[in-house]
Amino acid sequence: MEFNFIENLPFLLALLILIACYLAIRSFFKKIGNYTESSGKSADHLEEIKEELSILNSKISSLEQQINNNKS
């Protein structure tokens, strides 16, 4: 049994094309996964910032009330 490269060339080329397609599709979905993960983290981070801003705004308003009460 001998391996004839010329006769098996179409099979080998088809196999290489399938492997290249697999790697391309895999990297594409990996990029999509990374993008959705980072955008989800950004949304969570924005919610945390909004909560901190609301806490700071309430502290500012209470300090303004304390200042106004001390002036009176």
Side-chain angles (χ1 to χ4, degrees):
M1 175 175 217
E2 68 182 69
F3 182 77
N4 191 350
F5 185 75
I6 300 297
E7 288 178 4
N8 291 327
L9 188 62
F11 174 73
L12 293 174
L13 287 176
L15 186 62
L16 288 175
I17 290 171
L18 284 174
I19 291 172
C21 288
Y22 168 76
L23 292 175
I25 291 170
R26 183 175 166 216
S27 67
F28 174 74
F29 281 113
K30 211 179 247 190
K31 286 182 183 179
I32 290 175
N34 288 340
Y35 173 75
T36 55
E37 181 183 0
S38 64
S39 66
K41 285 182 181 177
S42 295
D44 292 341
H45 187 64
L46 285 175
E47 289 298 320
E48 291 174 4
I49 290 175
K50 286 179 182 178
E51 290 175 11
E52 289 178 16
L53 280 175
S54 65
I55 291 170
L56 289 174
N57 283 335
S58 64
K59 286 182 179 181
I60 289 172
S61 63
S62 68
L63 286 173
E64 287 175 344
Q65 287 176 356
Q66 286 178 2
I67 289 172
N68 288 337
N69 288 339
N70 287 338
K71 285 183 179 178
S72 300

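Quick caveat: nothing in here was measured; it's all calculated off a predicted structure.
Linking ILVMFWY residues whenever their side-chain heavy atoms come closer than 4.5 Å, directly or via other members, leaves I55 and L63 in distinct clusters. Criterion: ILVMFWY side-chain heavy atoms under 4.5 Å apart, direct or through other members. Under it, I32 and Y35 are not part of a common hydrophobic cluster.
Taking CD1 of I19 as the start and CG of L23 as the end, the distance is 7.5 Å to the nearest 0.5 Å. Residue N8 holds its CG atom at 11.0 Å from CG of L13, rounded to the nearest 0.5 Å. Note that OG of S61 and CD of Q66 are 10.0 Å apart. Values are rounded to the nearest 0.5 Å. The line from CG of L16 to CZ of F11 is 10.0 Å long, rounded to the nearest 0.5 Å. The distance from atom CG of L56 to atom CD1 of I49, rounded to the nearest 0.5 Å, is 11.5 Å.
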